[in-house]
Amino acid sequence: MRTRVAIIGAGPAGLMLAHLLHLAGIDSVVLEDRSREYIERRVRAGVLEHPTVELLRECGVADRLDREGMVHHGVVLRFDGADHRVGLTDLTGRSITVYGQQEVVKDLVAARLATGRPILFEVADVALHDLETDAPSVTFRHADGSPGRIDCDFVAGCDGYHGVSRPSVPEGVLRVYEHTYPYAWLGVLARAAPSHPELIYSAHERGFALHSMRSPEVTRLYLQVAPDEPLADWPERRIWDELGRRLAVDGFTLNEGPLIETSVAAMRSFVVEPMRHGRLFLAGDAAHIVPATGAKGMNLAIADVRRLAAAIAAYAADGRTDLLDGYSDACLRRVWRAQHFSWWMTSMVHLPPDADPFSERLRRAQLHYVAASPAAARSLAENYVGLPFEGADEQGWYEGR
Ligand code: FAD
Ligand code: DHB
């Protein structure tokens with residue numbers, strides 16, 4: 001099989017890249033090692049930044065998002081038994097949309113299938129070859145076990161943190177930056193109406209808790225737990241009791257309901273530089289991971305492939321290589337901004353297991369500052385709603401115009 005771009009992975013990064021390339025008239029093949037059912041059910045992120053929503057709209061894949069997505073104009077910081085609302089729209093003129101990642105994936109899979117261009121599920125043994133030449137290739141096994149091979153101009157490594165693309169780069173080429181946090185998130189999806197119209201980030205003395213949602217009938221909730229926490233230690237009753245304690249304020253009632261899904265996710269910061277090796281371009285979680293608190297992971301994946309699609313389109317149109325050459329540096333600027341914001345939000349609302357009294361006082365000072373100062377709240381807000389992708393309008397964006 002011959003194509004312009006072999007895309008490894010059908011997460012938000014791979015699927016969005018495939019769609020953007022299609023819109024530019026560029027052919028690609030998407031290879032995914034899981035089944036369609038699996039990727040459409042995998043529960044992960046839920047917050048779409050303003051620029052992500054705009055891009056999905058521009059690409060014609062936002063019909064259901066516009067119908068079912070929940071537009072939020074603020075988030076709540078809860079500490080010391082009180083709520084402090086950060087008015088995202090008042091502070092920035094922009095909003096976020098709560099819409100599950102698996103819904104984005106469903107919409108993008110449907111869009112891909114509608115184009116008639118190839119997307120192969122349940123492939124195995126994906127291997128990348130000749131990345132340092134002008135004629136790279138990818139070998140794999142089809143779902144029925146038969147061998148497959150794709151010859152291409154570019155390989156897009158969109159296969160997440162555990163994928164095969166990043167490890168295909170020779171030892172010593174990529175520089176790794178890493179930070180681990182001394183906690184993880186236990187996440188649950190509950191068949192219960194949200195208990196509050198907005199997201200609540202609760203910095204409680206027993207640890208962090210987050211109230212989010214997926215629909216008027218489904219609540220998404222997270223609890224700070226130890227990094228190696230066994231799920232078996234968290235029967236349903238214990239989860240609800242702990243959420244109840246950490247989210248308690250006067251006048252607030254936590255709606256309970258049957259748990260649909262439960263999982264534990266590690267908190268990690270990870271970046272590789274550069275995000276390119278020869279004809280391999282890394283995008284999304286394959287190149288970087290942020291701790292979940294800032295809700296940036298999926299949004300960064302989308303921002304990467306927006307840039308990659310534009311660079312490949314410029315090359316396909318008139319042989320331009322400057323955008324391909326600038327891809328890594330341009331992405332990394334946004335990645336590090338998001339990395340800092342995510343680290344900052346994470347540190348502000350979590351209780352470190354080894355908290356010393358001095359750092360705890362600093363943490364509380366920061367919470368009070370964000371709650372009291374419009375300048376501090378606005379800094380949180382403009383990062384949270386998503387910084388502009390690039391370019392001329394940045395000043396206007398920061399001014400909230
Ligand atoms: P992925 O979504 O990981 O997609 C990669 C795809 O590649 C997958 O479909 C995978 O099956 C496929 N793949 C892997 N290896 C191969 C291979 N060898 N061959 C072919 N295909 C392969 N972010 C938030 O903002 N909030 C959250 O609450 C949140 N929760 C998360 C929970 C978990 C358990 C995880 C893992 C991530 C979470 N994230 C969260 C992060 C966010 O979901 C990711 O940043 C986002 O999925 C990145 O998209 P991606 O397309 O780069 O990678
Ligand atoms: C959700 C996840 C996040 O990481 C976050 O910061 C806010 C909301 C969610 O899954 O809804």
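Along the sequence shown, the residues carry numbers beginning at 1. Every number for a ligand or one of its atoms is a count from 1 in the order of the listing. This one's a predicted model, so the numbers in the text were calculated from it and none came from an experiment.
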Under 3.5 Å, N or O to N or O, is Gly14 touching ligand 1 that way? no
Would you name the heavy atoms of Phe121 and Val109 that are closest together and state the gap between them? CZ-CG1, 4.2 Å
Distance to 0.1 Å, residue and atom name: give those for the protein heavy atom nearest to atom 17 (C) of ligand 1. Asp33 OD2, 3.6 Å
Using a 4.0 Å cut-off to any heavy atom of Gly284, which atoms of ligand 1 qualify? 52 (O)
Among all protein heavy atoms in this structure, tell me which lies nearest to atom 51 (O) of ligand 1, with the distance rounded to 0.1 Å. Ala13 N, 2.9 Å
Does the separation of the ring centres of Tyr315 and Phe154 fall below 6.0 angstrom? yes
When you compare ligand 1 with Tyr161, is there at least one nitrogen or oxygen pair between them that comes in under 3.5 angstrom? no
Closest non-hydrogen protein atom to atom 11 (O) of ligand 1, residue and atom name please, with distance? Glu32 OE2, 2.6 Å
Using a strict cut-off of 4.0 Å, indicate which atoms of ligand 2 neighbour a heavy atom of Val47. 7 (C), 8 (C)
Suppose we measure from atom 4 (O) of ligand 2 to each protein heavy atom; which comes out shortest, and what is that distance? Ala292 O, 2.6 Å
Give me the residue, atom name and distance of the protein heavy atom closest to atom 35 (C) of ligand 1. Arg44 NE, 3.4 Å
Of all the heavy-atom pairs spanning Gly157 and Leu280, show the shortest one and how long it is. N-CD1, 3.8 Å
Honestly, for Val126 the part within reach of ligand 1 (heavy atoms, under 4.0 Å) is side chain
Closest protein heavy atom (residue, atom, distance) for atom 4 (O) of ligand 1: Gly11 CA, 3.4 Å
So is Tyr222 polar-close to ligand 1, meaning N/O to N/O under 3.5 Å? yes
Would a distance-only check, ignoring hydrogens and angles, find a side-chain to backbone donor-acceptor pair under 3.5 Å from His22 to Arg117? no
Nearest heavy atom to atom 5 (C) of ligand 2, choosing from Tyr384, Tyr201, Tyr99, Tyr222, belongs to Tyr201
Donor-acceptor pair, side chain of Arg112 and main chain of Pro118, under 3.5 angstrom: yes
Heavy atom of Arg214 under 4.0 Å from ligand 2? yes
Looking at Asp304, Asp329, Leu308, which one forms a side-chain contact (heavy atoms from CB on, under 4.5 Å) with Met275? Asp304
Atom indices of ligand 1, in the order listed, that fall short of 4.0 Å to a heavy atom of Gly163: 15 (N)
Just jot down the ligand 2 atoms closer than 4.0 angstrom to any heavy atom of Trp185, in number order. 3 (C), 4 (O)
For Ser212 and ligand 2, does the shortest N/O to N/O distance drop below 3.5 Å? yes
Please answer whether the main-chain N or O of Trp240 pairs with a side-chain N or O of Arg238 as donor and acceptor at a distance below 3.5 Å. no
Between Tyr181 and Ser269, is there a side-chain heavy-atom distance shorter than 4.5 Å? yes
Residue, atom name and distance, where the atom is the protein heavy atom closest to atom 41 (C) of ligand 1: Asp285 OD2, 4.2 Å
Looking at every non-hydrogen atom in both residues, tell me the closest pair between Pro136 and Arg279 and how far apart they are. CG-CB, 3.8 Å
Considering only heavy atoms, does Thr293 approach ligand 2 within less than 4.0 Å through its side chain, its backbone, both, or neither? backbone
For atom 18 (N) of ligand 1, which of the options Ile289, Val164, Asn299, Val138 provides the nearest non-hydrogen atom? Val164
Any atoms of ligand 1 less than 4.0 Å from a non-hydrogen atom of Ile39? List them with their elements. 9 (O)
Are Arg363 and Phe79 in a cation-pi contact, defined as NZ or CZ under 6.0 Å from the six-membered ring centre and within 45° of the axis? no
CD1 (Ile7) and CE (Met16) are apart, to the nearest 0.5 Å, by 11.5 Å
Taking Asn299 for the side chain and Glu49 for the main chain, is one N or O donor matched with an acceptor at less than 3.5 Å? yes
Closest non-hydrogen atom pair, Val76 against His196: CG2-CE1, 3.8 Å
Are any of the N or O atoms of Pro12 closer than 3.5 Å to those of ligand 1? yes
Mark up the atoms of ligand 1 that fall under 4.0 Å of a heavy atom belonging to Gly9, in ascending order. 6 (C), 7 (O), 12 (C), 21 (N)
Should the ring pair His350 and Trp185 be called parallel, tilted or perpendicular, given that the plane angle runs from 0 to 90° and is split at 30 and 60? parallel
Asp250, CG: over 12 other non-hydrogen atoms inside 6.0 angstrom: no
List every atom of ligand 2 that sits less than 4.0 Å from any heavy atom of Leu199, numbering the atoms from 1 in the order shown and giving each element. 7 (C), 8 (C)
Classify the contact between Leu15 and ligand 1 as side chain, backbone, both or neither, using a heavy-atom distance cut-off of under 4.0 Å. neither
Greater than 12 external heavy atoms within 6.0 Å of Arg191's CZ: no
Just to confirm my output: which protein heavy-atom neighbour is closest to atom 47 (O) of ligand 1, and how far is it? Gln101 NE2, 2.7 Å
Note: Ser263, heavy atoms under 4.0 Å from ligand 1, region reported as neither
Leu31 heavy atoms within 4.0 Å reach ligand 1 at atoms 20 (C), 21 (N)
Element-labelled atoms of ligand 1 that are located less than 4.0 Å from some non-hydrogen atom of Gly297: 25 (O), 45 (O)
My understanding is that we take every heavy atom of each candidate and find the minimum distance to atom 8 (C) of ligand 1. Doing that for Arg42, Lys296, Glu122, Arg34, which one comes out nearest? Arg42
What residue and atom, counting heavy atoms only, is the protein's closest point to atom 27 (C) of ligand 1, and at what distance? Ala45 CA, 3.5 Å
Between Tyr161 and Arg166, is there a cation-pi geometry (under 6.0 Å to ring centre, at most 45° from the normal)? yes
Which of these, Asp153, Asp151, Asp27, sits in a salt bridge (Lys or Arg N to Asp or Glu O under 4.0 Å) with Arg2? Asp153
Could you tell me, atom by atom, which parts of ligand 1 come under 4.0 Å of a heavy atom of Cys158? 5 (C), 6 (C), 7 (O)
For atom CZ of Arg364, is the number of surrounding heavy atoms from other residues, nucleotides or ligands below 6.0 Å larger than 12? no
From atom 39 (N) of ligand 1, is the closest protein heavy-atom distance below 4.0 Å? no
